[in-house]
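Heads up, the thing below is written out as C-alpha cells.
Here is how names work: the chains are called A, B, and so on, in the same order as the sequence lines, proteins then strands, and each is numbered from 1.
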Amino acid sequence: MKSKLRYGIIGLLVGVILITGYVGVFWSDKRDDAQLELDYAEKIALIEAAKEVESLFRDPESHKLWPLFSQDCLKEYNLSEKDGFKLACSSEILQCYQQYLKTKNKSIFEKNSLKIDFELKFGKNQFYKILFPSTSEDINVTGKTIQVKLMSNRKSDLIVNLEDRCHQVYLDERFFAYGENQSDKSLEITFDTYHKNFFLDKFLVTVKDYNDWRENDSKNYSHLKPIIDHKKFFQPVVHLKKNEMHAYCSFVGKQIMMAHLMDAATFIPFDLRNKQANTFERGSYYWVKKNSEAWVSLAKKKKEDLLTPQNCRLLFGKECAEKFPTLNYGDEPSWSGLLQVMGGPFEYLHNPLNEEENLRTSSKYFSVFSEWNKLAKRIFWDGEGHKIAHFRVFEEDKNVEQIPAEFSGKELEIGFRCVQQILGKE
Amino acid sequence: MNILKILFLSILFSCTSVWQNEITPIEFANELFPKLLSVSKVQSSPLNKGIIETPKGIPSVIFEGVFLDRQKNLEKKICLYYTVPFREKKGELWFVEKEKNEDCVEIVESDFVLKNIDSLELVLNEKKQNDLLLIKFSHFKKNYQYDFYLTHFKTMKSFSYAAPVQLSGSLPFLRLASSDENSSQKLGNINDSFLNGSAKRCHTVNESCETVGENLCHLCRFGWYEVVDYACPQGGSKFCGQSRCGEKGQPACPAGYLVHEISPAEVCVDDSEAGFCQGELRPICNEQNILVCR
C-alpha cells in the first residue's frame, strides 16, 4: 500500500513536471513566433516604404502626393508647372517630400503600429548621401546615385540606392550621317549605332549637377565653388573650361558628348521607319524635316511677327534673348528626345572627325536667322576661357559672320552634356 | 530502483524532445527574406507550375538564383532545396549559399530545415516595380504564404535587352545598398590613358567574338569606351576611362560595321571605315589589333 502510494505520488509529480514543461515551451514558442511575425512585417514595411520613395523619385508628377506639395517645390526652384519632370531623380524632390512629411507629421509608410521614416542624420547635414561611381566602392553604383536610410520605429533600417536614370534617352540603332546635308552624296560620312547602347543626357549639365560634383570632389578643381542660388539649380552650368567639363562627365562615369552622336540625335531621319535607309537627306532644324517649314524660313511674314514665345522656345536666338529674357526655352524635344539642342548657351562637344569644330554655334549670340543657328554648325573653342578671344571662326569666305562685337569683353556661356554606353546582353 | 531509473530516463527523453525546437515557417521566412532581396538572376525554378509533386521523396533544386552578399560585396548563389512528401514522409525545405559559379545540382544539407511540409508551390508575381516570389506551402495542415521581394530582378531583365530599355531612359528598379568595403573591386584611375598604355582593359573580345575572361566594365570608376578591333555583336574590346577617340595616338571612334558592310576581316586594316579619326589622321591597325589614329 505504501509503495503504491509512493509510485502514485512520483507519477503525479512526473506528470506535473511534464505538463509544465510542455506549456512553458509552447508559450515561449508562441511569443517567439509573435516576435518573428512582427520582424517579417517590419521587413515588408521597409520594402514598401522604399518602393514609395522610389516611385516618387522616379516620376514625381505621377505620385498621388505630388499635388499636395508641388507648388511649394516648383516655386523653390523657379520651375513652372510643366517643368515638374525636371525634379525627377533629384535630391530636391526628396527634400520637398520630406518637408511635406514633416509639416503634416506623417510617415513614408504606416501600418498598424509600424512607421517608416527617413533617418534624418544619415548624410552630412542632410538625410541623404550622393554617391558617384568614381568615389563609391559599391559595385552597384554605376551612375550618380542618391542614397537614403529608412528607419522603422522598431529600429530596423534599410539603406536604399536611388540611381539617376531619368535624364537620359536611348539613341536608336540605325544608320546616320555626320554633319550637314551634303549635295555631293559621295562626301557623306556615315556611321551606325548597332550594338552600342548609347544613352545621351537629355539636358545640358545643370547647376545642381555641378554642385553635387563640387561637394563630392572638392580636392580636385578646388577653385570651383558650388552655386548656392536655388533658383539657378535647374539651369545649365555655363562657366566651366573644357578639362573641367571632361572631369565632370568622367566623375559621373560617362563621356563628354560627341559631335556625330549629337547630329544623329537631332537631325530628323529622312525615313523614320527604315533604320537602314541609305538616304540621309536632312534639314537644318530639329523640329521639322524641311527647312521651308521652319518658322525662321517663313519669308512672307515680318520677322518681328515671327518672334513669339512659342517660336523662341524652339530656337532661342539673339532676338529672343532680347525680347523674352526670362523665357523657359529648349523644352521641345528632338526626334530622339534630346532637349536644349538649339539656342541658349553654346555647347561644347568632342568631335572625333574635326578638332576645329568642337562648339555648337546655335545659341543666343547669333540671330535666329543666322547661318550659325542651324544644326551641325560648329566653330572652334580652345577650352581655356569664355571671352571672344578663345573662339575661332575658321572661314575661307571672309563674309562668314563672326560673334557680334557687342559680346567682346563678356564671358560667353558654354554648356555641355554627357553620353554613356550601357553594357548589353552577351 | 529499476522503475525509478526507467521513470527518470523517460522524463529526460521527453524533455529532450520538447526542447528540440523545430524551425517554424515564420523563422524560415525571416531567414530567407534578405537572401532573396538582391537576387538578380533566376537560373532555374519550377515557377508558376502549381504544387511541386516530383521527384517524390528525394531532395531536388526548386530555385537557383544569383544574389549580392552585401556584407562581402560579392555575388553568390542561393540554392533552395525541397524534398517532395512521399507516403508517410513529409516534405522538407532548406536553402544553402554557394559560390557564384558552383552548381546547385549537388545537394548540400543544412541544419536549418523547415520540416513537416504537406505541399509547396512557387509563384513569380511580375509587378511594375519589382518581382515577387511567393512561396506557398502547407505545414502541419495549415496553409502559409510568404512574399519575397526580388528587388534586383527587374533591373537585370531590363539590362538584358538594348532597345526595350525605355525610350525615356528610366528603369524601374529598387537597389538596396551594399556595405562599403575597404578592398575595392573598382577599376581605373583618373590619369589612366590609352596613349601611355596605362588604360585598363575591362572587356576583351577575340576574333571568334568570344569574350576572353569576364566583362568588368561595370566596375570602371570613370566610365568606359569601346575600341575598334573586331566586328562582334557585343561590340569591340573596351577600356576604362575617358575616351579621346579620334585624336592622335588614341583609338579611332567606332563608326559601326553595318552601314559600310564591313566584314570581320576588314575591321582592323589601315584606313578602315570602321573607325573615325580627326582631320588628316588615319585609322591604322596597331599591334594589339586595335584601330588607332595616326
Side-chain angles (χ1 to χ4, degrees), chain A residues 10 14 17-18 21-22 25 29 33 36-37 39-40 43-44 47 50-51 54-55 58 133-134 137-140 142 147 158-161 163 165-170 173 175 190-197 199 246 250 253-255 260 276 337 352-355 420-426, chain B residues 7 11 14-15 18-19 21 24 26-27 29-30 33 73 129-130 147 149 159-163 165-172 174-178 180-181 184-186 190 211 215 217-223 225-226 233-235 242-243 245-247 253-256 258-259 276 278-279:
Chain A
I10 290 168
V14 166
I17 290 166
L18 281 174
Y22 274 120
V25 169
D29 266 357
D33 271 4
L36 288 168
E37 291 285 355
D39 288 347
Y40 181 77
K43 287 179 173 72
I44 298 279
I47 297 292
K51 284 163 64 181
E54 194 232 352
S55 83
R58 212 155 297 291
S134 46
E137 300 309 322
D138 184 341
I139 59 171
N140 286 310
T142 55
Q147 190 178 75
L158 183 70
I159 295 178
V160 180
N161 286 353
E163 192 166 349
R165 290 265 178 231
C166 299
H167 299 123
Q168 294 173 297
V169 289
Y170 169 71
E173 287 183 329
F175 291 177
T190 55
F191 59 97
D192 70 72
T193 52
Y194 284 86
H195 312 301
K196 297 284 179 273
N197 294 334
F199 280 80
H246 278 273
S250 185
K254 297 182 187 179
Q255 310 290 335
H260 66 296
Q276 297 190 5
L353 284 142
N354 187 345
E355 71 268 29
Q420 73 178 147
Q421 285 179 266
I422 303 282
L423 293 170
K425 183 181 180 179
E426 289 211 21
Chain B
L7 271 172
I11 292 166
S14 308
C15 292
V18 161
W19 273 295
N21 278 334
T24 60
I26 187 62
E27 261 186 290
N30 267 306
F33 192 92
N73 216 10
Q129 276 186 295
N130 306 113
D147 298 347
Y149 289 82
F159 270 125
S160 294
Y161 307 100
V165 181
Q166 309 298 333
L167 288 177
S168 66
S170 72
L171 298 165
L174 178 67
R175 281 216 179 274
L176 305 172
S178 323
D180 275 349
E181 286 292 323
S184 172
Q185 297 176 56
K186 291 267 178 101
I190 190 71
T211 288
N215 186 334
C217 296
H218 59 288
L219 299 176
C220 295
R221 279 189 192 280
F222 299 104
Y225 55 92
E226 189 178 323
Q234 69 269 49
Q242 271 293 290
S243 171
C245 67
E247 293 178 3
C253 259
L258 292 179
V259 67
F276 289 144
Q278 286 178 339

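Shown here are the side-chain hydrogen bond (donor to acceptor under 3.5 Å, both in side chains) partners of A/Gln421, two or more places apart in sequence or in another chain: B/Glu226. Applying the side-chain hydrogen bond (donor to acceptor under 3.5 Å, both in side chains) test to A/Asn354 and every residue at least two apart in sequence or in another chain returns nothing.
The line from NZ of A/Lys254 to OG of B/Ser243 is 15.5 Å long, rounded to the nearest 0.5 Å. How far OG1 of B/Thr24 is from CG of A/Asp33: 4.0 Å, rounded to the nearest 0.5 Å. Taking OG1 from A/Thr142 and NZ from B/Lys186, the interatomic distance works out to 8.0 Å, rounded to the nearest 0.5 Å.
In this structure the side chain of A/Tyr194 never reaches within 4.5 angstrom of the side chain of B/Val259, judged on heavy atoms. Counting only heavy atoms from C-beta outward, the side chains of A/Asp39 and B/Phe33 never approach each other to under 4.5 Å.
With chain A as partner, the option from B/Gly235, B/Pro254, B/Gly256 having the largest number of non-hydrogen pairs under 4.5 angstrom is B/Gly256. Note on A/His260, A/Gln255, A/Gln420, A/His195: by heavy-atom pairs under 4.5 Å with chain B, the leading option is A/Gln255. Note on B/Cys220, B/Ala29, B/Gly279: by heavy-atom pairs under 4.5 Å with chain A, the leading option is B/Gly279. With chain B as the partner, the residue from A/Gly337, A/Gly253, A/Ser134 showing the most heavy-atom pairs under 4.5 Å is A/Ser134.
Residues A/Tyr40 and B/Ile26 approach most closely at CB-CD1, 3.5 Å, considering heavy atoms.
The parts of B/Cys245 that come within reach of chain A are both its backbone and its side chain, each placing non-hydrogen atoms under 4.5 angstrom from that chain. Proximity to chain B involves both the backbone and the side chain of A/Lys43, based on heavy atoms less than 4.5 angstrom apart. Both the backbone and the side chain of B/Gln242 have a heavy atom closer than 4.5 Å to some heavy atom of chain A. With a threshold of 4.5 angstrom between heavy atoms, B/Leu258 approaches chain A through its backbone and through its side chain.
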